[in-house]
Every structure is written in C-alpha cells, then in structure tokens.
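One structure below.
In this chain, numbering begins with 1 at the start of the sequence shown.
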Amino acid sequence: MPSSKRLFRLTGIALVIAAAGLTTWYLTRSTPRAVELTTVSHGIVEATVVNTRAGTVKACRRAKLSPAAGGQVITLKIREGDRVKEGQMLLELWNTDLQAQFDLANQQLATAEGKQREACILAGNAQRESTRTQQLVKQGFVSSQRADDADATAKARHAACTAAAADVKRARAQIAVSQANLERTRLVAPFSGVIAQITGELGEYVTPSPPGIPTPPAVDLIDDSCLYVSAPMDEVDAPRIRPGQEARITLDALPGQVFSGKIRRIAPYVTEIEKQARTVDVEAEFANPDQAALLVGYSADIEAIIDRRENVLRVPTQVIRQDNKVWMLTQGDRIGERILKTGLANWAFTEVLEGLSEGDQVLLSSEGGEVKEGMQVTPKLSQP
C-alpha cells in the first residue's frame, strides 16, 4: 500500500507539471501572422508614360480680339458666356464720320457711273457720224475736211468715255477705302465659339495694343468644339511617345472619370524651366469631347500608352520586391520566396515571364513585422 500511495503521488505531480507546461506553451506560442494574398492570373499589361506636372485643358482655337482702331464703344451686342457664330458682330466703335465718308463715296460712284454712260453714248454717236461722213466723202457730197473733223470728234468722245470709266474705277476704290476704315471700327467673330471675357463696357474707350506693349483684349473668344490637353513629359520619356498613340486623360475636376484620347503633337524642343527638370510638352486630344462639360483651363493629366499586351500572366506591381523577388504562399500556409523574370510593366501590373504560374498566390500585404521565408501565416485572399 505505501508503494501505491507513492505511485499515485508521483502521477499527480507529473500531471501538474504537464498541465503547467501546456499552459506555458499555450501562453507563449506564436500566432500565425495574418497576410493578404492575391492570385496570379492573366490579363492586360500596358507600358505607359505620365506627365511630370499637371497639364491644362486648352481650346484648339482661342482668339483675344480687339478692334484695329481705338475709339468709343457705341454698340456691344454680346455678354460673357454667349455663343456666337462666325462673322457675327461683337462690338462697334463710334464711326459716324467714317460712315458719312462711305455714303459720300457711294454717291460719287453713282455720279461717275452716270457720267460714264453719258460720255460713252456720245462716243458711240460720234463714231457713227464719222462713219457716215467718210461714206459721203467717197460719194463726193462733202469735203475731206469735214470727214477729218468728224473723225477727231469721235476720237475725243471715245477718250472721254475711257476717262469716265477710269473715274468709276477710282470711285469704287474710294468705296473700298471707306469700307476698310469702317471695318477697323467693327469687331466680328473670326470663328464660332463662346465669349469667355469682355474688357470694356458700352460708352468706354478701347485702345489697340501698341507694338511691344500688351493691353487686355476687348473680347476673349474660345472655340470649345475642339479641346485638347497639353502636359509636360520628362525628357527621358519623350522619345517613346509618338503622335497617334492611345492615351488616357483624367481631370482633377472630375475624379473617377477617365477619358479616352490620342496623342496629337509632341513639341520639337525641350523646355528648360529648371536645370534638373527638363520636359517636353505633349498634347493629347479627346476622342469623345462631348462626354462631359469640359472647361478650358481645367488641370489634367495624360497617360500615354506606349505598348499593350493582352492575356499575359501578370501580378500587381506592388508585390515585386528588390531584384524581382516576391513572397508566395507554399504548402502548409507558409511563406516562400521566388525570383521572377518580368516583361512589360506599369504602376499597376507587371508581366510575368518566368517564376510563377496561374493560380499561385503571392503576398500583397502583411499585418506588421518583417516577413521571413518559412513563416507560417493566416492567409486572406484579395482580388487581383
């Protein structure tokens, strides 16, 4: 019996020690770290180039207009925001004196044309009289002197008709001069568009800009039927951009919207704003400018699509570490390392040529701490 009691006591002590050890292990055990994974799949990968600073939405045609002459505004037929058509009168300066000169020139033309008709009628009659006199001379009814007089009169009348025709041409030229002077006081729309700004009011004086001294234009006219974006690209990226390439345009004023576009022009020179930030201006036009109410002056960004490959194996670019290494999920929910051979890439996705297969799961993010090979994790799958 004493030996049985002793065995029972030893068994109890062992159980206590085992329980203490189990408790210690439970309290000190390492919990698998939660990680977010993404599945390797096929899709589109593009190589793109984006601008270094914000670009600007511009109009294909924008004219800052002023009358050719200075003077007082007597007619202002527009307001800011109005839409006008090509050839429409925008404003007119005081031109009563020039209008009077134009009317006078028209009257002078009418008088000259009347005198021309009179002189040419007399010239025709004198020529017929000379012809008849020559016939009478041949018949011996009149002297040759009278025939000479009739011929001289016909020539004089013809000269008077020619002079009257010249007077008509001069009068028409004077009308053209008067008309040109009138046009200098009138401002018409050179193309259809929208009035962006008007400088001056009815009754105020406007003055054209002297050479080398810019003054505000009387009317700022914008043709908003054709818009494009101009943005600076890094000089290193510029050689890869070509007119006609596809582009995506985004606007700060319209977040979440992406407009399709096309590269229309690359500047033939480098802009040197700063020694370390040399850029080339690139222009992209909207493929569908009517998609939204676009305003000239919006800040915008251009993403030029240099190359595109469809249905290729790809991973999010953010999962790739230095030297093209990635963490992936292996058997037993453990982390392993792979080295990739990559192809086309952009900020979103990178093409995988070697190192992974479709369906593999790679590490997207980890909840704190450094990730090590062989570490056991608790995976959480994210959409690619």
Please lay out, stage by stage, how Phe259 and Leu254 fare under the test side chain to side chain contact (heavy atoms under 4.5 Å, CB included). CA-CA 10 Å; Phe259 299 88; Leu254 302 172; 3.8 Å; yes
Between Ile266 and Ile263 the two heavy atoms that sit nearest each other are CD1-CG2, 3.9 Å
Can you confirm whether more than 12 heavy atoms, excluding those of Glu204, are under 6.0 Å from its CD atom? yes
Using the rule given for side-chain hydrogen bond (donor to acceptor under 3.5 Å, both in side chains), can you reason through Thr279 versus Thr271, listing the C-alpha separation, both sets of side-chain angles and the distance that settles it, and then say yes or no? CA-CA 5 Å; Thr279 58; Thr271 301; 4.6 Å; no
Just so I know, are the side chains of Leu364 and Gln318 near enough to count as touching, which here means a heavy-atom distance under 4.5 Å? yes
Using salt bridge (Lys or Arg N to Asp or Glu O under 4.0 Å) as the criterion, point out the one residue from Lys169, Arg172, Arg170 that pairs with Glu113. Arg172
Distance in Å, Tyr228 OH paired with Thr56 OG1, rounded so as to fall on 0.5 Å steps: 9.5 Å
Considering non-hydrogen atoms only, spot the tightest contact between Leu109 and Ala171 and give its length. CA-CB, 3.5 Å
Pairs flagged by disulfide bond (SG atoms under 2.5 Å apart) wherever residues 35-104 is involved - sequence neighbours left out: Cys60-Cys226
Which of Arg338, Glu337, Arg321 passes side chain to side chain contact (heavy atoms under 4.5 Å, CB included) with Val326? Answer is Arg338
d(Leu90 CG, Arg186 CZ) to nearest 0.5 Å is 13.0 Å
Test side-chain hydrogen bond (donor to acceptor under 3.5 Å, both in side chains) on Gln127 and His158 and set out the steps. CA-CA 8 Å; Gln127 183 60 46; His158 178 72; over 6 Å; no
Do any N or O atoms from the side chain of Asp333 and from the backbone of Leu329 form a donor-acceptor pair under 3.5 angstrom? no
Could you check whether any side-chain heavy atom of Leu104 comes within less than 4.5 Å of a side-chain heavy atom of Ser178, counting everything from C-beta outward? no
Which other residues end up in the same hydrophobic cluster as Trp94, if Ile, Leu, Val, Met, Phe, Trp and Tyr are linked when side-chain heavy atoms come under 4.5 Å apart? Ile74
Would you mind reporting whether Thr199 and Ser66 have side-chain heavy atoms less than 4.5 Å apart? no
Hey, quick one: are Val188 and Leu202 part of the same hydrophobic cluster, counting side-chain heavy atoms closer than 4.5 Å, chains of contacts allowed? no
Single-linkage hydrophobic cluster, 4.5 Å side-chain cutoff, Ile305 and Val282 together: no
With a 4.5 Å cut-off on side-chain heavy-atom distances among I, L, V, M, F, W and Y, is there a chain of contacts connecting Leu251 to Val50? no
Evaluate the salt bridge (charged side-chain N to carboxylate O under 4.0 Å, His left out) criterion for residues Glu129 and Arg157: first the C-alpha distance (whole Å), next the side-chain angles of each, then the deciding distance (0.1 Å), finally the verdict. CA-CA 12 Å; Glu129 180 64 23; Arg157 294 295 185 183; over 6 Å; no
Give the table of side-chain donor-acceptor pairs shorter than 3.5 Å for residues 239-247, with sequence neighbours excluded, one pair per line with atom names and distance.
residue, atom, partner, partner atom, Å
Arg240, NH2, Asp237, OD1, 3.4
Arg242, NH1, Pro239, O, 2.5
Arg242, NH2, Pro239, O, 3.3
Gln245, OE1, Arg242, N, 3.0
Gln245, NE2, Arg240, O, 3.2
Glu246, OE1, Arg308, NH2, 3.4
Glu246, OE2, Arg308, NH1, 3.4

Thr317 side chain to Asn346 main-chain N or O, any donor-acceptor pair under 3.5 Å? yes
Mind checking the OG1-CD spacing from Thr330 to Gln361? Nearest 0.5 Å is all I need. 11.0 Å
So Val40 and Glu358, do their side chains get closer than 4.5 Å, heavy atoms only? no
Can you check whether Asn324 reaches Glu354 side chain to side chain, under 4.5 Å on heavy atoms? no
I'd like to know if the side chain of Arg62 reaches the main chain of Asp220, judged simply by a donor and an acceptor atom lying under 3.5 Å from each other, with no hydrogens or angles considered. no
Phe286 vs Val229 side-chain heavy atoms within contact, under 4.5 Å: yes
Looking only at heavy atoms, what is the nearest atom pair of Arg53 and Pro232, with distance? O-CD, 3.5 Å
Are Val194 and Val296 connected in the hydrophobic side-chain network, where two residues link if heavy atoms are under 4.5 Å apart? yes
Return yes if some donor-acceptor pair links the side-chain N/O of Asn51 with the main-chain N/O of Ile302 below 3.5 Å, else return no. yes
Heavy atoms only: give me the nearest Ala218-Leu91 pair and the separation to one decimal. CB-CD2, 4.1 Å
Main-chain N/O of Gln197 paired to Glu80 side chain as donor or acceptor, under 3.5 Å: no
Counting distance only, does the side-chain N/O of Ser192 pair as donor-acceptor with the main-chain N or O of Glu86 below 3.5 Å? yes
Under a single-linkage definition using a 4.5 Å side-chain heavy-atom cutoff for Ile, Leu, Val, Met, Phe, Trp and Tyr, are Ile249 and Met233 assigned to the same hydrophobic cluster? yes
Quick check: closest heavy atoms across Glu310 and Ile44, and the distance to 0.1 Å? CG-CG1, 3.9 Å
Step by step, would you call Asn106 with Ile175 a side chain to side chain contact (heavy atoms under 4.5 Å, CB included)? CA-CA 6 Å; Asn106 277 284; Ile175 289 178; 3.5 Å; yes
Would you say the side-chain atoms of Thr48 and Glu303 include a donor-acceptor pair closer than 3.5 Å? yes
Under a 3.5 Å cutoff, is there a donor and acceptor pairing between the side chains of Asp234 and Thr52? no
In terms of heavy-atom contacts, does CZ of Arg184 have more than 12 from other residues, nucleotides or ligands at under 6.0 Å? no
With a 4.5 Å cut-off on side-chain heavy atoms, are Val315 and Thr38 touching? no
Decide side chain to side chain contact (heavy atoms under 4.5 Å, CB included) for Val57 and Leu295; before the verdict, give the C-alpha distance in whole Å, the side-chain angles of both, and the deciding distance to 0.1 Å. CA-CA 7 Å; Val57 176; Leu295 299 180; over 6 Å; no
Of the non-hydrogen atoms in Ile222 and Ala59, which two are nearest, and what is the gap between them? CG2-CB, 3.6 Å
Just so I know, are the side chains of Leu37 and Val362 near enough to count as touching, which here means a heavy-atom distance under 4.5 Å? no
Please determine which of Leu182, Thr75, Thr185, Leu187 meets the side chain to side chain contact (heavy atoms under 4.5 Å, CB included) test together with Leu93. Thr185
Examine distances only and state if a side-chain atom of Glu351 and a backbone atom of Leu344 form a donor-acceptor pair shorter than 3.5 Å. yes
